[in-house]
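Data first, discussion second: the structure below is written as structure tokens.
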Amino acid sequence: MGKNSDNEFMARALQLAERGLYTTDPNPRVGCVLVRDGAVIGEGWHVRAGDGHAEVLALQQAAGNAQGATAYVTLEPCCHHGKTPPCTDALIAAGVKRVVVAMQDPNPLVEGKGIAKLRDAGIEVDVGIMKAAAQELNPGFVSRMTRQRPYVRCKFGVSLDGRTALANGRSQWITGEAARHDVQRWRARSSAIITGVGTVLADDPRMTVRDVEMSVNRQPLRVVLDTNLSTPPSAKILKQDGRTIVVTTSEDTAGAGDLQEAGAEVLVVTDFDLNALMGYLAEQESCNEVWIEAGSTLAGAFLQAGLIDELVLYYAPKIFGNSARGMFRLPEFESLESAVSLSITDMRAVGDDWRVVARVIR
């Protein structure tokens with residue numbers, strides 16, 4: 001089978017994997033296509049942790065006809081027992097003769113072992129077809145496995161002159177309805193949403209996913225950074241479906257008790273080490289992608305700590321002037337070379353606004 005056919009079938013596998021964009025967390029998004037004699041005989045995609053993996057679902061659809069077939073998989077098949085049996089065993093037992101893998105699994109439990117097991121069984125394995133596209137689909141899973149921290153995005157709705165609120169703090173609404181709906185999709189793919197107590201006090205946000213059609217009802221973890229436990233027990237962010245963690249350095253046990261009675265979990269830390277917090281979210285909460293919606297102080301602290309991987313900025317056709325509030329509170333740069341450099345990866349109109357997605361260059 002030629003390279004063009006390989007690309008065609010892998011592209012289809014990636015389309016299937018994308019169906020799990022909002023639901024597979026903390027697992028990666030994976031798709032599989034089974035092909036025999038040039039025809040697709042089975043397709044599958046991973047829906048959520050604990051359910052069947054993409055390869056197994058594709059084999060089930062093939063209904064015993066996978067002997068001699070080629071499997072196109074967006075991520076290296078697993079070779080260990082987790083919540084489900086190894087996919088390598090299923091492919092071997094089905095008599096698949098060739099497996100085309102987009103990218104090697106960065107999970108240390110797999111990381112090449114699945115490919116080796118297939119080859120040891122006499123199956124031809126090709127790796128790297130559409131690798132970049134597969135990595136783009138799972139930046140958080142790759143980050144958690146290789147850097148032991150989530151992939152972090154920071155969002156702002158801003159005026160054309162880069163202002164997030166008027167001088168008096170008013171910011172609702174800078175952007176239009178279409179942009180606000182688009183934000184819901186970014187939230188939906190995230191493992192956790194982080195904000196600061198200042199945003200909670202100023203806007204009383206819910207920080208939930210709304211108006212996004214998902215096959216699995218899942219709310220991201222909500223995390224509030226609150227030094228002095230100033231979050232009121234009546235805050236909307238505590239009253240929603242899912243979990244809210246309030247992270248604090250305060251030893252006010254009474255205040256912590258009030259928040260716990262209101263539905264929050266309280267995590268007391270010795271100091272606000274943002275690197276340690278990201279490590280905690282990766283290790284203890286299995287967070288792949290983190291979404292930050294916060295004010296300039298917290299956003300600036302994350303940026304200064306080198307923890308923001310990507311910015312999602314919604315520019316509204318408005319001018320607020322130099323007295324309005326900016327995006328990031330940072331120390332003064334003394335040279336242009338010291339400025340934070342970005343690589344713009346996407347720019348498009350969203351309703352009357354413009355969305356710019358940019359990666360931080362390190």
With a cut-off of 6.0 Å (strictly less than), are more than 12 heavy atoms of other residues, nucleotides or ligands near [atom1] of [X]?
X    : atom1 : answer
L336 : CG    : no
E251 : CD    : no
Q148 : CD    : yes
D346 : CG    : yes

What heavy-atom pair brings [X] and [Y] nearest, and what distance separates the two atoms?
X    : Y    : answer
R187 : T208 : NH1-O, 2.7 Å
M278 : F302 : CE-CE2, 3.8 Å
A179 : D353 : CB-OD2, 3.5 Å

About how many Å separate [atom2] of [Y] and [atom1] of [X], when rounded to the nearest 0.5 Å?
X    : Y    : atom1 : atom2 : value
D211 : H181 : CG    : NE2   : 6.5 Å
L330 : L303 : CG    : CG    : 5.5 Å
E265 : I245 : CD    : CD1   : 5.0 Å

Identify all side-chain donor-acceptor contacts of residues 118-135 below 3.5 Å with residues at least two apart in sequence or on another chain.
unit_1: R119; atom_1: NH2; unit_2: V125; atom_2: O; d: 3.0
unit_1: D126; atom_1: OD2; unit_2: R98; atom_2: NE; d: 3.0
unit_1: D126; atom_1: OD2; unit_2: R98; atom_2: NH2; d: 2.8

Check your understanding: Would you say the side chain of P106 lies within less than 4.5 Å of the side chain of F141, judging by non-hydrogen atoms?
Key -> yes
Check your understanding: Are the side chain of N107 and the backbone N or O of L109 linked by a donor-acceptor pair below 3.5 Å?
Key ->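 The answer is yes, because a donor-acceptor pair under 3.5 Å joins these two groups.
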Practice item. Would you verify whether the NZ or CZ of R180 falls within 45 degrees of the ring axis of W173 while also being under 6.0 Å from that six-membered ring's centre? Key: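 Flagged: R180 positioned over aromatic ring of W173.
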Let me check something: any side-chain donor-acceptor pairs from residues 26-33 under 3.5 Å, sequence neighbours excluded? List them with distances.
unit_1: N27; atom_1: ND2; unit_2: H46; atom_2: NE2; d: 3.0
unit_1: R29; atom_1: NE; unit_2: L21; atom_2: O; d: 3.3
unit_1: R29; atom_1: NH1; unit_2: L137; atom_2: O; d: 2.9
unit_1: R29; atom_1: NH1; unit_2: E289; atom_2: OE2; d: 2.7
unit_1: R29; atom_1: NH2; unit_2: L21; atom_2: O; d: 3.0
unit_1: R29; atom_1: NH2; unit_2: R189; atom_2: O; d: 3.2
unit_1: R29; atom_1: NH2; unit_2: E289; atom_2: OE2; d: 3.4

Point to revise | D309/R147 salt bridge by N-O under 4.0 Å criterion | key: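 Yes, R147 and D309 are salt-bridged.
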Exercise for review: May I have all residue pairs that pass salt bridge (Lys or Arg N to Asp or Glu O under 4.0 Å) and include part of residues 102-112, sequence neighbours excluded?
Suggested key: none
